[in-house]
Amino acid sequence: MNRLMIADLQRMWRQGIAISLLLGCGIALFVMTNSSMLSLAKTRQQYYQDYRFGELFTALVRAPNSLADKVAAVPGVQEVQTRIVRDVLLDIPEMVEPASCRLVSIDTAAVNPMNGIHLLLGRFPSDDQRSEVIVSELFAHGHGFQPGDSLTCIMGGRKQKLQIVGIGMSPEYVYVVQPGMLITDDRRFGVVWMPRRQMAAAFNMEGAFNNLSIDLLPKANVDEVIFQVDRLTKRYGGTGAYDREDQISHRRVADEMSQMKTFAFVTPSIFLAVSAFLFNIVFTRLITQQTEQIATLRAFGYRPREIGWHYVQMVILLVVVATIFGWVVGLRLSWWMTSEYIKFFRFPTVDHQFAVTHAVGAVAIGAGAALIGTYAAIRKAIRLQPAEAMRPAAPKDYRGLIAERTGLSKLMTPVGRMVVRRLETNRLATTLSVLGMSLAVAVLVLGSYMRNTIDFVIEFQFEKSQRQDVMLTFVDTLSAASLHDVAHLPGVFAVEPYRTVPVRLRNKTRTRRVGLMGLDTNPDLYRILNDQQQPVSFPVHDGLTVSQKMAELLDAKLGDEIWIDILDRRQPSYRFQIAEVFGNFTDPSAYVNRQQLHALLGEGEQFSGAFLSVDSDAIQDLYAEVKQMPTVAGVVDKNAAEASFRDTVASSTSLMRIVNAVFSGLIALGVIYNCAIIILAERARDLATLRVMGFRRREVSYVLLSELAVITLVSIPIGIPIGYGLSYVATLALDTETHRFPLVIERSTYSYAAIVIVAAASLSALYVRRMLNSLDLVAVLKVKE
Amino acid sequence: MSSFRLNLPDHVQVMKAADKSAGQSSDNSPTSRTAVFTAHGLTKVYRMGEVDVHALRGVDVEMYAGEFVVILGASGSGKSTLLNILGGLDVPTSGRVSFRDQSLTDADEDDLTEYRREHIGFVFQFYNLIASLTAKENVALVADIAKDPLEPEEALRKVGLYDRRDHYPSQLSGGEQQRVAIARAIGKRPDVLLCDEPTGALDVKTGVIVLEAIARINQDLGTLTAVITHNAAIAEMADRVISLSDGRVAEIHVNQNRKEAKELVW
Ligand SMILES: Nc1ncnc2c1ncn2[C@@H]1O[C@H](COP(=O)(O)OP(=O)(O)O)[C@@H](O)[C@H]1O
Ligand SMILES: [Mg+2]
């Protein structure tokens with residue numbers, strides 16, 4: 001039996017490799033994404049633990065240091081850290097648009113403090129040196145800062161020079177993002193750590209703080225602690241305590257990881273399922289082809305069990321090859337993927353992991369699928385009595401075929417009829433081939449549609465929705481009079497102010513912290529678009545407009561009344577009706593008419609920021625003046641934001657996309673190659689006959705290739721809707737708590753899939769043609785049918 | 001009927017090699033003995049791993065236009081190898097072989113294809129019909145690539161299967177399938193009909209019918225016909241019998257009076 005195995009392998013090793021590769025790709029993808037996930041989860045956990053990332057956070061306006069002891073006394077609180085945190089503009093000469101940074105106070109005396117800094121270069125600032133700071137490493141990298149360099153920031157309208165003594169990172173800022181921005185931008189925003197004493201002096205905060213970080217006892221009742229902390233901090237302008245889930249950096253990392261989980265699970269699962277299925281198909285056909293060999297073995301007295309075992313061994317061998325390929329390639333790719341990921345999500349080190357459970361699971365699924373398919377095929381082959389299997393197949397009635405009934409075959413040459421009839425009579429084989437190829441097409445679509453979605457989101461977000469050129473955020477709110485100064489900045493065409501206030505929305509047991517945004521009735525620059533890409537308007541009425549995601553998070557629907565707690569002041573809660581729910585792809589968000597928000601807050605026109613439309617020629621002058629404005633805390637240049645979004649998203653998803661594209665291409669090639677080989681094997685006798693009769697090589701390959709061509713061409717229109725379906729499933733799975741993705745598949749993606757399939761088919765065809773040319777005519781014909 | 005076509009073109013010369021062949025006694029007049037095949041010193045060695053199998057060990061043979069040749073020999077004596085070389089399916093390891101004035105020894109794969117296409121009709125033991133084509137379509141397949149084909153119906157009539165032209169191979173008996181294979185082989189009006197054990201898979205009665213069909217083709221169309229068999233009885237219907245033994249020509253025997261296929265007994 002082993003000799004048989006060796007003979008079979010010698011005969012079919014190429015095909016075996018192609019089959020293994022199919023499954024191997026599925027496994028590799030599974031291992032890659034899951035190992036990356038696991039690595040990042042482990043890395044993050046270790047980092048949080050080593051540098052004591054806080055568990056609850058709250059921002060306030062100004063509280064006396066004595067408040068800390070009261071908070072520490074709340075049951076469930078283990079430790080309290082008070083800090084001063086301020087966003088300020090920076091003056092970096094070589095940059096046109098102002099960069100800004102978050103100044104965070106550090107206690108230079110503390111040993112292993114909460115939210116600790118991992119120092120990469122230099123040293124910690126000394127308390128008595130007035131202006132020594134540590135700069136976050138991506139920002140330092142973006143500007144080429146080294147310890148010893150200096151940096152100018154604008155504190156309360158005065159320029160102040162800061163001396164960089166260290167470069168570091170912190171678990172609080174794994175992902176550094178400027179408020180109002182979607183993604184990190186290492187040139188425009190960074191974190192700067194400064195000794196507490198210097199910051200207190202600069203911002204007139206001696207004996208006070210504006211930021212609390214809390215470490216909880218293991219079994220603390222989080223909601224109760226939050227309630228107590230809010231009670232204590234409210235009178236100092238506390239905006240409500242929140243846990244890590246609402247901490248920007250953590251949230252982003254968590255979101256990213258949950259999205260990755262989709263990539264890690266859904267897409268690879270589809271891939272794995274498809275490749276296992278294809279493995280099954282190909283192997284089934286292979287065995288069907290070996291009916292005669294099986295019959296011969298039976299005739300020699302081999303027991304069905306022994307024959308079955310032979311094929312099971314083959315499957316195992318193929319699965320082992322697939323496993324080795326999948327694990328090695330998958331692990332290697334996971335390193336690569338992790339290293340791409342940590343370009344934006346910064347950790348001190350990466351703890352590389354191998355997702356053992358998933359890796360084993362993937363193999364089990366693949367092997368299971370293969371064995372089930374094989375079992376069925378072998379059973380069928382073994383059940384045939386030896387004599388029966390060696391007899392030619394029962395007469396086939398060709399008259400019932402479509403090609404015959406429609407008279408189509410009358411129009412064809414005998415060679416054409418050969419092709420059509422074989423396709424039609426070997427229905428199972430043809431169907432399996434078409435199915436396999438269709439799945440390859442589908443996988444190609446699945447593997448590359450993300451790019452369309454991303455392009456769509458970018459266009460939706462940056463072109464259609466946001467039409468401002470610049471967004472300003474103010475340090476404190478500005479009055480209508482001060483807004484005049486903004487309107488008179490150089491090149492400003494239009495100003496659209498907004499008001500935003502931190503609120504907590506509550507419905508039944510659900511709550512959600514959000515910046516409630518007050519917008520004009522019909523915003524012109526900063527527009528909110530619904531699913532149909534129509535702008536949403538905010539008429540003056542007693543109602544909230546929330547995004548679909550927010551409605552889902554609150555388990556609320558149109559017309560429901562929900563509670564609003566204003567977080568940054570002592571005010572009673574309000575009940576508001578949900579007046580409109582719009583669907584789109586943005587985060588959970590809530591809007592209200594601006595005038596109404598003013599009324600709610602009992603204030604006149606007070607603005608948190610403004611959207612500007614600016615003459616592009618004057619933008620440099622505008623920025624030069626904005627840098628001098630003490631009232632401005634941050635500036636977001638939309639084009640820069642878009643460019644950086646594109647960059648980041650492009651590079652962070654490119655690896656995944658490349659891997660998907662390559663693997664789907666490989667799967668396609670594997671399927672087609674096997675189809676081609678099988679067709680060749682099944683047709684070898686006929687083709688040899690034609691050659692003997694004097695058909696030229698070209699004419700004979702025409703028979704084979706047209707069969708392959710028909711299968712390929714039929715597969716494409718079938719595969720495309722399947723691809724759409726798979727992508728739809730993947731998109732559903734991408735629908736995480738905070739993000740929803742549209743399913744956008746451009747025609748170019750379908751064309752791409754079609755082109756790759758045709759190319760793979762042509763490649764396989766060329767190969768098969770070569771095999772055909774070296775077909776041993778005499779040997780083929782000597783064999784009895 | 002276009003039997004004139006089978007009169008060989010004027011430029012075809014009588015092969016000089018013909019004189020060298022031993023035992024070439026025939027009552028045919030020398031002028032009509034136009035050599036179609038001339039083989040000289042043919043050897044064929046198959047390498048099977050470590051061992052060399054000598055299938056042919058120096059065969060000299062000639063075949064003439066219009067004659068009916070039977071190649072007789074035990075299994076493994078090299079009959080098929082010789083026929084395949086003559087038919088352009090294989091090339092000798094050494095020696096020379098030509099068809100009329102065209103050397104087959106120097107021909108490449110494409111030349112051989114063209115050669116088969118134009119001149120050769122093959123019939124094998126296993127009929128090798130295309131299962132998905134009817135009898136008529138199987139014949140038409142060849143007609144499509146021939147310069148001056150027989151009508152497929154005409155070819156089928158010659159083997160007595162006109163009535164069954166629309167049947168698929170699986171609906172025909174073995175003997176009928178073999179006759180379709182013959183019709184297909186002659187559909188292009190080949191110069192040579194080569195049959196490798198055409199009755200090998202058939203019982204006596206059907207075998208006789210097949211042999212009759214072959215003989216009739218040979219007679220009606222004047223096609224040079226070579227039939228391989230290991231059955232000595234069949235040899236009696238040949239003009240000449242070339243006996244092979246262990247890769248060599250053991251004997252060439254000329255039948256003074258050919259028997260009809262139905263007179264054969266085996
Ligand atoms: N393709 C081949 N490879 C190796 N040996 C071969 C091959 N074809 C034929 N032979 C050997 O050459 C010898 C002659 O074969 P063949 O011409 O088929 O004999 P016959 O047709 O007279 O039975 C036999 O020993 C056979 O085993
Ligand atoms: Mg033979």
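Note that the structure is predicted; figures quoted are calculated from it, not measured. Residue numbers begin at 1 in each chain, while the letters A, B, ... track the order of the sequences.
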Are there more than 12 heavy atoms of other residues, nucleotides or ligands under 6.0 Å from atom [atom1] of [X]?
X      : atom1 : result
B:Y115 : OH    : yes
A:R770 : CZ    : no
B:H167 : NE2   : yes
B:E109 : CD    : yes

Does the distance from a Lys or Arg side-chain N to an Asp or Glu carboxylate O, for A:R421 and B:E137, drop under 4.0 Å? yes
Using a strict threshold of under 4.0 Å (side-chain N to carboxylate O), is an ion pair present between B:E114 and A:R696? yes
Please check this pair: side chain of B:K188 against backbone of A:G694, looking for a donor-acceptor N/O pair closer than 3.5 Å. no
Check: A:R691 main-chain N/O paired with B:R116 side-chain donor or acceptor under 3.5 Å: yes
Heavy-atom proximity to chain A below 4.5 Å, by part of B:I145: side chain
Provide the closest heavy-atom pair for B:T113 versus A:F695 in the form atom of the first, atom of the second, distance. CG2-O, 3.4 Å
Closest heavy-atom contact between A:P414 and B:L133? O-CD2, 3.5 Å
Side-chain heavy atoms of B:D144 within contact of A:V415, under 4.5 Å: no
Once you round to the nearest 0.5 Å, how far does OG1 of A:T689 lie from CZ of B:F122? 11.5 Å
So how far is it from B:N128 CG to A:D686 CG, rounded to the nearest 0.5 Å? 8.5 Å
